[in-house]
Amino acid sequence: MSCELVLARSAGFCYGVRRAVDMAHEALQGEKPCVMLGSIIHNRDVMDFFRNQGMGLVRSPEEVPDGGAVLIRSHGESRAVHERLQARGVEIWNATCPNVTRIHEIVSQAGERGRQVVVIGTPDHPEVVAIAGWCREPALLDGLPALEKWLSEAPERRDIPLTFVSQTTLIKKIWDDCVKKAKKECTNAEFFDTICGATSKRQEEAHELAARCGMMVVIGDRQSSNTKRLAELCRQVCANVQLIERAEDLDLSRLPKAGTVGITAGASTPAWIIKEVFDKMSEKIMEIEKSFAELLEESIKTLNTGDKVTGTVVAITPTEIQVELGIKYPGYIPLSELSDDPNVKPEDVVKVGEEIESYVMLVSDRDCLVKLSKKRLDMVKGWEEIESARESETPLEGFVTEDNKGGVVVSVKGIRVFVPASQTGLPRETPMTELVKHKVRLVVTEVNRARHRVVGSISRVQRAERAAAAEKVWAEIEDNKRYTGTVKSLTSYGAFVDIGGVDGMVHISELSWSRIKHPSEVVKVGDTVEVYVISADKEKKKISLGMKDHSQDPWTVFTSTYQIGDTANVRVVKLMTFGAFAEVVPGVDGLIHISQIADHRIEKPGDVLAEGDKVDVKITDIDMENKKVSLSIRALLEAPAEEGEEESADETEG
């Protein structure tokens, strides 16, 4: 016999199952006697082990002994079950797989938004039953035929808000077929691919291995959904597939005389059962690709602080990233150790199912876990990148983490880079706290790896970028071209506006149609404004800008609004010896002659009026040719008296 025996890398306990088993071991050591609410995993041997250790099995929350503890299985439980347990006051060990917990959150939120939940999976599977308990009246469908029937039974379902999720162990093709159908027929559907990344990887590996094997052995409990799906996938490409629970179930007569024999195992299959099967098969096979002892050693290998490891992301929570390392302990990356960006969202950095490299910070046998850091591994790589950037003067991005008397500290690739105050690019009067928690670009000017000292400059990047932007502006600038700019400074005669690397000046007369005394009446430093080019002198590097809207001529606005004899409310803008000028509409001033300010003689306009006053006037004359307007306050004051005299005369005649 000349066969080689190959064990799939993803065979055996997944992260969620290992977590549940580890938690069960911890619960056994707890202060309170603990019972399992349902089988914590689908494996009779594991369940028998815990029962023999004294951990009881109950079927309902009411069966949990008073004053005791209860272990929630990896498949999860409904909201109602959690509430009943909490009401009992018992201690809860929640071993629900994080991937399943995420589905609970999705369907719960969907229900709150008034959406109909559709779960694609085996309707009576414990995981699916638990998911159903986190929303109202979900549709539980096992595949495309069931979905087609459900839609045809009530055609109006195609138009209601639908939220689709999947059982974590679902075959990917079943999910994809259902999504394709729903996208084609349903008008308001959203889809969450909640198939476990580790499950997908296990299924892909099993399918690929079975395709090149003369025989495939799938080990796992026959009641386990993911084990049965593994067998289904293997049978698609291999005619000789055995689904067994223990070594004694193995039919050795079906071993091929030559070729490759593959072995995989469901997520609830412990390593000792896999070893038992492997040993029995190896007795009949002379040539083994790799001894199980070596493979088993890989699966239970230990890690040390400082090791670099690669794992698969199996769950993402608001506080940590859970990583499957292929060893006896699960790994996790605290959010604080994921990135040096304080505002980063975990889902923007990693995705479930992706591989991730990290640095081992702590291996805890007591807590059965490995604490990891991606940020620290990035820092090791960061030194190389920073040294390279120093040589090439390549700008780098980082986040300002703190300020001190001498400057600011920027985290770049996980490494502290000091930027002196003179190199921050901030004006002297601006506090450096303005930069804290902001992303900046800098060039590295000094690196001393031995002393862990790196110095950088933000202003050098700003100057280079501004110079490049200025060159582009000067190359493309032309009269009447419009820009969005930022007000940089104000003077008594105008405002300087940055239009992208170049400052232009808006004269005070071009800021507004209204008469103003200072630019601060219209704009302030830091404002974003729309400007246009009046003229640009490329030789002298001077740009004259305007802000007034010339699309509407103020005189046209005035003449279309007012005519001689109308009354207007105007603003006094300037006092002269001979009268006062008042703004009728922005850009059009009228003269109130000193003789028209009051109904009595006055020495000067300031005896009655002040700049800024708003008064009612009568428009007494409009000089269209010279665009001049005459106004009168006196005409309005005299009108009532004249009317009164006319009324008295009428009475006398009567």
Side-chain angles (χ1 to χ4, degrees), residues 16 38 42 59-61 72-84 96-197 199-200 203 223-233 235-236 347 352-353:
H42 273 158
R59 298 297 177 185
S60 71
I72 302 292
R73 56 188 173 181
S74 60
H75 296 119
E77 289 290 353
S78 68
R79 190 202 306 270
V81 167
H82 280 269
E83 291 173 348
R84 284 152 62 191
T96 304
C97 172
N99 290 328
V100 177
T101 299
R102 176 172 173 262
I103 305 176
H104 294 173
E105 294 170 352
I106 292 171
V107 301
S108 177
Q109 292 169 6
E112 291 172 0
R113 291 184 287 132
R115 303 184 70 87
Q116 166 74 59
V117 173
V118 181
V119 185
I120 307 299
T122 306
D124 59 353
H125 189 278
E127 178 190 317
V128 176
V129 173
I131 293 170
W134 288 87
C135 54
R136 293 182 180 179
E137 300 180 357
L140 309 181
L141 311 174
D142 59 8
L144 182 58
L147 174 61
E148 291 174 333
K149 181 181 178 183
W150 185 74
L151 291 173
S152 64
E153 287 175 346
E156 65 275 9
R157 288 171 175 161
R158 293 176 170 86
D159 298 317
I160 63 175
L162 301 175
T163 297
F164 285 77
V165 297
S166 65
Q167 184 179 339
T168 58
T169 54
L170 189 70
I171 292 176
K172 192 71 164 61
K173 186 178 185 307
I174 295 176
W175 169 253
D176 290 342
D177 289 345
C178 290
V179 171
K180 183 178 180 181
K181 176 71 174 178
K183 284 185 175 180
K184 183 177 179 181
E185 296 197 15
C186 301
T187 60
N188 186 3
E190 60 182 10
F191 306 91
F192 294 89
D193 183 351
T194 49
I195 298 175
C196 171
T199 296
S200 296
Q203 291 175 352
Q223 300 305 311
S224 167
S225 174
N226 77 81
T227 301
K228 288 189 288 186
R229 295 192 193 283
L230 281 176
E232 291 173 19
L233 288 168
R235 290 190 178 109
Q236 291 176 3
E347 56 271 21
V352 172

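Just so it is clear, the values below take in all heavy atoms, side chains as well, and ignore hydrogens, waters and symmetry mates.
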Peer 1: With sequence neighbours left out, write down each residue that passes side-chain hydrogen bond (donor to acceptor under 3.5 Å, both in side chains) with Asn226, or none if nothing qualifies.
Peer 2: Ser224
Peer 1: What closest approach, in Å, do Thr163 and Ala110 show between heavy atoms, and which atom pair accounts for it?
Peer 2: OG1-CB, 3.6 Å
Peer 1: Test of understanding: with side-chain hydrogen bond (donor to acceptor under 3.5 Å, both in side chains), list the residues that count as partners of Ser74, not counting sequence neighbours.
Peer 2: none
Peer 1: What residue among Val119, Leu140, Ile106 forms side chain to side chain contact (heavy atoms under 4.5 Å, CB included) with Ile131?
Peer 2: Val119
Peer 1: Is the shortest heavy-atom distance from the side chain of Thr96 to the side chain of Glu77 under 4.5 Å?
Peer 2: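 Counting from C-beta outward, Thr96 and Glu77 never come under 4.5 Å.
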Peer 1: Which ring-ring contact (aromatic ring centres under 6.0 Å, His included) pairs, counting each pair once, include a residue from residues 136-182, with sequence neighbours left out?
Peer 2: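 Non-adjacent pairs meeting ring-ring contact (aromatic ring centres under 6.0 Å, His included): Phe164-Phe191.
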Peer 1: CG of Leu147 to OG of Ser152: how many Å apart, nearest 0.5 Å?
Peer 2: 9.5 Å
Peer 1: Near Glu185 CD, under 6.0 Å, is it more than 12 heavy atoms from other residues, nucleotides or ligands?
Peer 2: yes
Peer 1: Sorted by first residue and then second, give each salt bridge (charged side-chain N to carboxylate O under 4.0 Å, His left out) pair with at least one member in residues 136-147; sequence neighbours left out.
Peer 2: none
Peer 1: Please identify each residue that fulfils side chain to side chain contact (heavy atoms under 4.5 Å, CB included) with Thr187, with sequence neighbours left out.
Peer 2: Asp159
Peer 1: For Glu232, enumerate each residue passing the side chain to side chain contact (heavy atoms under 4.5 Å, CB included) test, keeping only those at least two apart in sequence or located in another chain.
Peer 2: Ile171
Peer 1: How about Arg229 and Leu170: do any of their side-chain heavy atoms sit closer than 4.5 Å?
Peer 2: yes
Peer 1: Where is the tightest heavy-atom contact between Pro138 and Gln116, given as atom of each residue plus distance?
Peer 2: CA-NE2, 3.6 Å
Peer 1: For a quick test of reading the model, state the closest non-hydrogen atom pair linking Cys186 to Leu151 and the distance between them.
Peer 2: SG-CD2, 4.1 Å
Peer 1: What pairs with Lys180 under side chain to side chain contact (heavy atoms under 4.5 Å, CB included), at least two apart in sequence or on another chain?
Peer 2: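 Lys180 satisfies side chain to side chain contact (heavy atoms under 4.5 Å, CB included) with no other residue.
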Peer 1: What are the two closest heavy atoms between Ser200 and Ile195, and how far apart are they?
Peer 2: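 Scanning both residues, the minimum pair turns out to be OG-CG2, 3.3 Å.
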Peer 1: At their closest point, which heavy atom of Val128 faces which heavy atom of Pro123, and how far apart are they?
Peer 2: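 Looking at all heavy atoms of both residues, the shortest contact is CG1-O, 3.9 Å.
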Peer 1: Do Gln203 and Leu230 have side-chain heavy atoms sitting under 4.5 Å apart?
Peer 2: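 Yes; the side chains approach each other to less than 4.5 Å.
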Peer 1: Could you work out, with side-chain hydrogen bond (donor to acceptor under 3.5 Å, both in side chains) as the rule, every residue matching Glu83, not counting sequence neighbours?
Peer 2: none
Peer 1: To the closest 0.5 Å, what do you measure between CD (Glu148) and SG (Cys178)?
Peer 2: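 Reported to 0.5 Å precision, the distance equals 8.5 Å.
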Peer 1: Tell me the salt bridge (charged side-chain N to carboxylate O under 4.0 Å, His left out) pairs involving residues 166-179, sequence neighbours left out?
Peer 2: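 As it turns out, the salt bridge (charged side-chain N to carboxylate O under 4.0 Å, His left out) pairs with a partner in residues 166-179, which skip direct neighbours, are Lys172-Asp176, Lys172-Asp193, Lys173-Asp177.
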Peer 1: Restricting to side-chain hydrogen bond (donor to acceptor under 3.5 Å, both in side chains), what partner residues turn up for Thr101, sequence neighbours left out?
Peer 2: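 Expected list: none.
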Peer 1: Does Glu127 use its side chain to pair, donor to acceptor, with the backbone of Thr168 at less than 3.5 Å?
Peer 2: yes
Peer 1: Taking only residues at least two apart or on different chains, which pairs with a member in residues 98-115 satisfy salt bridge (charged side-chain N to carboxylate O under 4.0 Å, His left out)?
Peer 2: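 Listed once each, the pairs are Arg113-Glu190, Arg115-Glu190.
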Peer 1: Provide the full list of ring-ring contact (aromatic ring centres under 6.0 Å, His included) pairs with a residue in residues 112-139, sequence neighbours left out, each pair given once.
Peer 2: His42-His125, His75-His125, His82-Trp134, His104-Trp134
Peer 1: What pair of heavy atoms forms the shortest contact from Ile103 to Ser166, and how long is it?
Peer 2: CD1-O, 3.5 Å
